[in-house]
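This report concerns only the one structure given below.
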Amino acid sequence: MKALILVGGFGTRLRPLTLTLPKPLVEFANKPMILHQIEHLAKAGVRDIVLAVNYRPEIMVAVLKQYEEKFNVKITFSVETEPLGTAGPLALAREILGKDDSCFFVLNSDVICDYPFDKLASFHKAHGGEGTIIVTKVDDPSKYGVVVNHANSSKIERFVEKPQTFISNKINAGIYVLNPSVLDRIELKPTSIEKEVFPFIAEDGQLHTFDLEGFWMDVGQPKDFLIGTCLYLSHLAKNQPEMLASPSCDYVHKGNVLVDPSAKIGKDCRIGPNVVIGPNCVIGDGVRLQRCVILEGAIVKDFAWVHSSIIGWHSSIGRWSRVEGNSVLGDDVTIKDEIYVNGGSILPHKSIAANITEPQIIM
Ligand code: GDD
Ligand code: MG
């Protein structure tokens, strides 16, 4: 089978992390976001993966080429000279996606779930329509594509991208399976699949929904990245508890703690629930971590407290400091001792020596 992953876009909503790495390479639960998807695609028997890129392709190529052998897949980079949106990239990759008459998967690169590719493909083949999109339910649908089905049917009646008024809380989860015939509906120019393609396939009665079971999150912005991390860790606790630090471990508090084996953790810490600690991180003595992500090589010094925040690669949090309120530290940020940071979005390489009491961007 074939798949295309949409990895373009500038990832501006995930700054300052995306100032250092393209969004799909930012580690989610200690693994590049896109690797979660590649692993699941490979497991479902996909051998041809197209990465639709328009932003810093060199970094992506260097990292992703190594996965080809590991997962026995062929990864082709389809590089746009101008951003082609969410549909244009399918036209650009027509040669691969349309090389035979089998269906192909399309994925937004920033969605996390327990990707049900096998079930999705079977369902799609059974109904015989041109496309199937995975849907899930959310409390606030306004920032997503919203779907309305025909009564008692998987067939979609309406697809509205980011509606201004409430239509339904059933949303596009950003994962599709499409027949090659859909390529005939897309021209090679900047095009939105959500606004310029799906509404018309739906009008023709050819677009169906597949209900997602379990967790889902678009982790393309810091607040949602943290929510997605909590959902994913709970999923691991239920299905692969051996991946997590044992709840009987002396520093683990209320579970859901994922620690890279190379990380060092000091004495008398209280860590959890919902914490990810990356490779080569150093956590001092008496540190309190709760609902946060500590990326590779970061240092949290003695008696610091980090809550609901993302600490960027190789950053350092001083002794007795406190970081909270959806703060995001870029690469190599230093927070001095005894500093309070609330909702700070701090650009790479900054050193912070005064309190940040209100959410703000520090450049
Ligand atoms: N190659 C390429 N070129 N990829 C792009 C481009 C482009 O010009 N623009 C965006 N993308 C990629 C992004 O990297 C992301 O993986 C995907 O397309 C969707 O773009 P987002 O910017 O993340 O869109 P969104 O989150 O606002 O909305 C989309 O996702 C929601 C689910 O998370 C839509 O598909 C919604 O309908 C959907 O509900
Ligand atoms: Mg998104």
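As the structure lists them, so they are numbered: ligands from 1, and atoms in each ligand from 1. What you see is a predicted model; the values in this text were computed from it and never measured.
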Residues that, via side-chain heavy atoms closer than 4.5 angstrom, fall in one hydrophobic cluster with Ile299: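 Besides Ile299, the hydrophobic cluster comprises Val282, listed by chain and residue number.
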Which heavy atom of the protein is the closest neighbour of [atom], given with residue, atom name and distance?
atom: atom 39 (O) of ligand 1; value: Asn172 O, 2.7 Å
atom: atom 1 (N) of ligand 1; value: Glu80 OE2, 2.6 Å
atom: atom 15 (C) of ligand 1; value: Leu6 O, 3.8 Å
atom: atom 35 (O) of ligand 1; value: Glu194 OE2, 2.5 Å
atom: atom 33 (O) of ligand 1; value: Asp218 OD2, 2.7 Å

A student comparing Ser109, Gly8, Pro83 should find that the heavy atom closest to atom 4 (N) of ligand 1 comes from Gly8
Given Ser192, Pro22, Gly85, identify the one with the heavy atom nearest to atom 8 (O) of ligand 1.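 Residue with the shortest heavy-atom distance to the ligand atom: Gly85.
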Enumerate the atoms of ligand 1 whose separation from the nearest heavy atom of [X] is less than 4.0 angstrom.
X: Gly145; result: 36 (C), 37 (O), 38 (C), 39 (O)
X: Thr86; result: 18 (O)
X: Asn54; result: 3 (N), 7 (C), 8 (O)
X: Lys23; result: 23 (O)
X: Tyr176; result: 35 (O)
X: Lys162; result: 25 (P), 27 (O), 28 (O)
X: Leu84; result: 8 (O)
X: Glu161; result: 28 (O), 34 (C), 36 (C), 37 (O)

What I want to know is whether [X] and ligand 1 share at least one N or O pair that is separated by under 3.5 angstrom.
X: Trp216; result: no
X: Ala52; result: yes
X: Asn108; result: yes
X: Lys143; result: no

Which label fits His127 and Phe123: parallel for a plane angle under 30°, tilted from 30 to 60°, or perpendicular past 60°?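 His127 and Phe123: perpendicular rings.
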Mind checking whether Trp320 and Phe303 have parallel, tilted or perpendicular rings, split at 30° and 60°?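 Geometry flag for Phe303 against Trp320: parallel rings.
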For Phe198 and ligand 1, answer yes if some heavy atom of the residue is under 4.0 Å from a ligand atom, otherwise no. no
Would you say Asp110 touches ligand 1, if touching means a heavy atom closer than 4.0 Å?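 Contact check Asp110 vs ligand 1: positive.
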Are any side-chain N or O atoms of [X] and backbone N or O atoms of [Y], one a donor and one an acceptor, separated by less than 3.5 Å?
X: Arg15; Y: Leu347; value: no
X: Ser315; Y: Val333; value: yes
X: Lys350; Y: Leu329; value: no
X: Thr334; Y: Ser351; value: no
X: Gln206; Y: Glu130; value: yes
X: Ser153; Y: Asn149; value: no

Side chain, backbone, both or neither: Arg13 near ligand 1, heavy atoms under 4.0 Å: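 The answer is the side chain of Arg13.
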Where's the contact between Val111 and ligand 1, heavy-atom distance under 4.0 Å: side chain, backbone, both or neither? side chain
Would you mind counting protein N, O or S atoms that sit less than 2.8 Å from the Mg ion (ligand 2)?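 For the Mg ion (ligand 2), the figure is 2.
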Sub-4.5 Å side-chain heavy-atom contact between Ile283 and Lys264: no
Is a salt bridge present between [X] and [Y], judged by a nitrogen-to-oxygen distance below 4.0 Å?
X: Arg185; Y: Asp204; result: yes
X: Asp224; Y: Lys143; result: yes
X: Arg158; Y: Glu203; result: no
X: Glu338; Y: Arg322; result: no

Could you go step by step and tell me if Trp305 and Ser321 meet the side-chain contact (heavy atoms from CB on, under 4.5 Å) rule? CA-CA 6 Å; Trp305 182 357; Ser321 285; over 6 Å; no
Tell me whether the centres of the aromatic rings in Phe104 and Tyr176 are closer together than 6.0 Å.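 No; Tyr176 has its ring centre 6.0 Å or more from that of Phe104.
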Mark yes when over 12 heavy atoms from residues, nucleotides or ligands other than Gln164 sit less than 6.0 Å from its CD; otherwise mark no.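 No.
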